[in-house]
Amino acid sequence: MSRPVLATLDLQALGNNLQVVRRAAPMSKVWSVVKANAYGHGLDRIWSALNKTDGFAMLNLEEAILLRQRGWKGPILMLEGFFHADELPLFDQYRLTTSVHSNWQINALKAAHLQAPLDVYLKINSGMNRLGFLPERVHSVWQQLRSFTSVDNITLMSHFAEAERPDGIAEPMARIEQAAEGMELPRSLANSAATLWHPEAHFDWVRPGIVLYGASPSGKWQDVANSGIRPVMTLSSEIIAVQTLKYGEAVGYGCHFRAQAEQRIGVVACGYADGYPRLAPSGTPVLVDGVRTTIVGAISMDMITVDLTPCPHAGIGAPVELWGKEIKIDEVASAAGTVGYELLCALAPRVPVVTM
Ligand SMILES: *Cc1c(COP(=O)(O)O)cnc(C)c1O
């Protein structure tokens, strides 16, 4: 391999994290959420490490078809359903469970001529106001859907806007109860945060995503530090050059960082074109030669500069962990003003990926 930047995926950690979910929600089935190319990990690389799941949930028809072609025969849930009515023959052919969140989808299902009826997730808008029917409409939508020859089992589904907060699901749960009145239907409500922290939201199927990949749904690693989850992706590289700055000298674009004394700086082969966040400031943690140190100066397209003061023996070729087992992706994300989700999904195509 030439340029040393590399993403390593720990597939055992993925299986471990699924077990953590099962322990957290022992009475529920699990939709493993693998949208966005499995949160940037690569669906084709990782799905078989999750083959003890009860089902896979995603958005993209091409990814669902890929799973079928690879031999997955279990349930597949399309979280936003079909985007156009002309996808329904493929939903039929590949036996995909569809979410229904809008009137036009009801009409499309009514008009559809399928080989066999589809399972449907009826989406309730419980206050997030992105997708779904208002609680007062859910009963009539259910009555319509159940009368269609194109519809088989119906499950109630909703999504939480702030399940990472201790009091974050009370209001939406009340709306969901209101919507569900008079219907004995299975329910699927819980994302990772609700799976870990709100057992009252577990019901029949939980839908964890981020926690499977070993990052925190709250953006704070300490919130999951004792849960047993383990990071799946390690982004690593090497020091490719060393500079010694004199007092007052700057490093990198914009000269944002100036040495306060003579200081050794390592240049790492990784930049924002690899998916490292450009907005990570000086002080963002990084591991060099097994020692915690920090980023100094601006992140460039292909390079990052780091303080070598805590690791005086680290020179060219020294290993660098940008995030992974030691430097949690949540730490890097929060330093850069974002969440682990975004960094995982933004891993750049030019970074080679290996599994272990
Ligand atoms: C992305 C998504 C999830 C998973 O969310 P996490 O916070 O990653 O656990 C669950 N349900 C729906 C509808 C989603 O879009």
Side-chain angles (χ1 to χ4, degrees), residues 14 17-18 20-22 24-25 28-41 43 46-47 50 53-61 63-64 75-83 96-102 105 119-133 155-165 168-169 172-173 176 186-199 201-221 223-224 227 229 231-233 329-330 333 338-347:
L14 207 54
N17 298 345
L18 179 57
V20 170
V21 163
R22 290 226 184 263
S28 308
K29 291 190 180 181
V30 178
W31 289 115
S32 291
V33 180
V34 292
K35 63 189 179 190
N37 201 22
Y39 289 50
H41 293 66
L43 179 61
I46 63 94
W47 76 272
L50 288 171
T53 190
D54 299 296
F56 287 100
M58 63 192 79
L59 304 178
N60 203 308
L61 192 51
E63 290 182 345
I76 295 181
L77 169 61
M78 304 305 279
L79 291 163
E80 295 177 9
F82 46 95
F83 295 92
L96 307 178
T97 299
T98 182
S99 155
V100 171
H101 58 77
S102 290
Q105 290 176 318
D119 288 344
V120 165
Y121 269 48
L122 197 182
K123 183 129 189 196
I124 305 167
N125 174 3
S126 58
M128 197 178 202
N129 293 315
R130 294 192 313 190
L131 298 182
F133 299 96
T155 299
L156 293 178
M157 169 192 194
S158 197
H159 193 53
F160 297 121
E162 46 178 7
E164 66 284 356
R165 289 189 29 203
I169 70 161
M173 285 290 278
I176 292 159
R187 297 184 201 180
S188 175
L189 310 177
N191 55 6
S192 293
T195 301
L196 291 177
W197 301 319
H198 297 287
H202 286 169
F203 292 96
D204 302 84
W205 287 81
V206 294
R207 302 192 309 271
I210 193 74
V211 73
L212 295 174
Y213 307 97
S216 173
S218 69
K220 295 192 205 90
W221 175 257
D223 291 341
V224 293
S227 66
I229 70 161
V232 172
M233 183 191 294
I329 197 166
D330 298 296
T338 183
V339 287
Y341 296 81
E342 187 183 11
L343 300 190
L344 290 172
C345 294
L347 183 76

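Counting convention: from 1, in listed order, for ligands and their atoms alike.
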(request) Decide yes or no on side-chain contact (heavy atoms from CB on, under 4.5 Å) for Arg207 and Leu79, but give the supporting numbers first. (result) CA-CA 10 Å; Arg207 302 192 309 271; Leu79 291 163; 4.0 Å; yes
(message) Strictly under 4.0 angstrom, heavy-atom based: which residues surround ligand 1?
(response)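 Under the 4.0 Å cut-off, ligand 1 touches Val33, Lys35, Tyr39, Leu79, Met157, His159, Asn191, Ser192, Arg207, Pro208, Gly209, Ile210, Tyr341.
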(request) Indicate the atoms forming the closest heavy-atom contact of Glu63 with Asn37, along with that distance. (result)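 Shortest heavy-atom contact: OE2-N, 3.1 Å.
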(request) Would you check if there is a donor-acceptor pair between the side chains of Ser216 and Asp330 at a distance under 3.5 Å? (result)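 Distance-only check fails for Asp330 and Ser216.
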(message) If only side-chain N and O atoms count, and only distance matters, is there a donor-acceptor pair under 3.5 Å linking Arg130 with His101?
(response)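 No, no side-chain donor-acceptor pair sits under 3.5 Å.
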(request) With side-chain contact (heavy atoms from CB on, under 4.5 Å) as the test, would you mind laying out the steps for Val30 and Leu18 before giving the verdict? (result) CA-CA 9 Å; Val30 178; Leu18 179 57; 3.9 Å; yes
(request) For the pair Phe56 and Trp47, name the ring-plane relationship: parallel under 30°, tilted 30 to 60°, perpendicular over 60°. (result)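 Phe56 vs Trp47 ring planes: perpendicular.
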